[in-house]
Engineer: 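Please see the structure below; I have some questions.
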Protein chains: 2
Amino acid sequence: MISKKTKYGLQALLSLARQHGSGPILIADLAEQEQIPKKFLELILLQLKNAGILGSRKGKGGGYFLAKDPGQITMGSAVRVLDGTVAPVPCVSETAYQKCTECADEESCGIRLVMKDVRDAVADILDNTTLKEVLVRSSDVSKKAKKVIDYSI
Amino acid sequence: MISKKTKYGLQALLSLARQHGSGPILIADLAEQEQIPKKFLELILLQLKNAGILGSRKGKGGGYFLAKDPGQITMGSAVRVLDGTVAPVPCVSETAYQKCTECADEESCGIRLVMKDVRDAVADILDNTTLKEVLVRSSDVSKKAKKVIDYSI
DNA sequence: CGTATTCTCTATCGATTTAGTAGGCTAAAA
DNA sequence: TTTTAGCCTACTAAATCGATAGAGAATACG
């Protein structure tokens with residue numbers, strides 16, 4: 001399960017991706033658009049900025065913006081920043097590894113072997129899906145839905 | 001991230017699978033073998049029993065045992081019983097679905113589309129991995145390790 | 001310059017969840 | 001009918017999560 005924080009963060013990133021190129025967006029506007037508690041969003045954006053995913057400018061005309069192209073920011077990187085890891089157990093995490101106390105031999109731990117497969121499958125999806133791709137996919141669905149409606153007229 | 005409860009549960013199931021056929025195992029013995037707090041394990045085993053994964057017998061000679069063959073119990077079923085779901089967000093869960101409040105249209109929600117892929121990938125692994133397979137895999141690793149040692153002598 | 005604007009940072013708080021404990025109850029053997 | 005061993009409910013401590021408050025620091029602009 002991903003946290004609400006991570007979900008908010010992804011929402012915000014996608015919103016910024018949609019508005020990419022139109023300059024900095026205010027936290028307040030983003031919060032309003034995405035219906036995210038403003039103060040909470042503040043922390044999230046800051047974390048994403050400190051991780052190099054977002055950029056910011058202070059003062060009038062300031063706000064937040066993507067530090068890179070939407071096609072170069074992956075869902076995986078955002079989830080790792082906000083949730084710490086993508087792995088189902090710490091002992092198979094690449095970014096937040098922690099030796100597990102219970103099993104004697106990590107190499108032959110059956111649970112670990114399976115969870116490693118899970119981690120790899122999840123990472124494969126999230127690390128190969130960019131914000132841009134997500135936008136395209138979701139607009140494809142919308143178009144398709146519209147098409148169906150058009151036919152029915 | 002799976003909970004410690006789920007991890008304990010999987011450990012216990014694998015231990016019972018290893019000892020499958022030798023009659024009921026005492027909670028106390030399982031707790032000792034797997035180094036799991038006994039009282040906590042008690043709750044976990046009960047939950048697995050109520051879900052039909054384990055069977056039990058009271059009184060002398062009693063204990064817990066697998067209700068089915070190790071080849072017929074999947075990691076997925078155990079995780080769902082103990083963690084409630086396998087999905088990263090409630091809106092893509094088959095077993096613990098909850099409509100998400102934030103996105104207007106679920107069908108075209110980009111986050112949901114990606115998380116659905118993640119869920120499917122995770123479910124595909126966990127639902128197609130039985131306790132038996134886990135045991136085989138982990139003993140394969142052990143054998144391989146042993147072989148290396150043999151060569152080095 | 002100085003003031004309005006907007007992000008930055010630290011601290012705190014309440015609610016929920018997680019991990020674990022306690023203890024009496026019930027069923028089955030012997 | 002006593003012992004054994006699971007069943008069940010309740011409780012609690014600690015951690016995490018979601019959210020808020022408010023002062024501080026940087027930037028633009030008149």
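Lettering follows sequence order; numbering is per chain, from 1. Since the structure is predicted, the reported quantities are computational estimates derived from the model, not experimental observations.
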Engineer: Between OG of B:Ser138 and CD1 of A:Ile111, what distance do you get to the nearest 0.5 Å?
Structural biologist: 9.5 Å

Engineer: Mind listing the N/O atom pairs, protein and nucleotides 14-19 of chain D, below 3.5 Å?
Structural biologist:
{"residue": "D:dG18", "atom": "OP1", "partner": "A:Lys4", "partner atom": "N", "Å": "2.9"}
{"residue": "D:dA19", "atom": "OP2", "partner": "A:Tyr8", "partner atom": "OH", "Å": "3.1"}

Engineer: Which of residues 53-64 of chain A sit near DNA chain C, with a heavy atom under 4.0 Å from it?
Structural biologist: A:Ser56, A:Arg57, A:Lys58, A:Gly59, A:Lys60, A:Gly63, A:Tyr64

Engineer: Strictly by modelled atom types, are B:Gln11 and B:Ser15 linked by a side-chain donor-acceptor pair under 3.5 Å?
Structural biologist: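 No donor-acceptor contact under 3.5 Å links the two side chains.
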
Engineer: So how far is it from B:Leu54 CG to B:Ile25 CD1, rounded to the nearest 0.5 Å?
Structural biologist: 11.5 Å

Engineer: Determine whether any donor atom in the side chain of B:Gln47 lies under 3.5 Å from an acceptor atom in the base of D:dC7, or the reverse, and answer yes or no.
Structural biologist: no

Engineer: Quick one: is C:dT8 close enough that its OP1 or OP2 comes under 4.0 Å of any side-chain N or O from A:Lys49?
Structural biologist: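 Answer is yes, contact under 4.0 Å.
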
Engineer: Considering every strand and a 4.0 Å limit on heavy-atom distances, what is the contact class for A:Ile25: base, sugar-phosphate, or nothing?
Structural biologist: sugar-phosphate

Engineer: In whole angstrom, give the distance that lies between atom CG of A:Asp29 and atom C1' of C:dT5.
Structural biologist: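 Rounding to the nearest Å, CG of A:Asp29 and C1' of C:dT5 are 13 Å apart.
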
Engineer: Output the rounded distance in Å from CG (B:Leu46) to C1' (C:dG24).
Structural biologist: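 Those two atoms, CG and C1', are 15 Å apart.
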
Engineer: At less than 3.5 Å, do the side-chain atoms of A:Glu42 and the base atoms of C:dC7 form a donor-acceptor pair?
Structural biologist: no

Engineer: Quick one: do B:Phe65 and B:Gln19 satisfy side chain to side chain contact (heavy atoms under 4.5 Å, CB included)? Show the steps, please.
Structural biologist: CA-CA 9 Å; B:Phe65 47 89; B:Gln19 308 174 65; over 6 Å; no

Engineer: Would you kindly give the CG-to-P distance between A:Leu45 and C:dT8, to the nearest whole Å?
Structural biologist: 9 Å

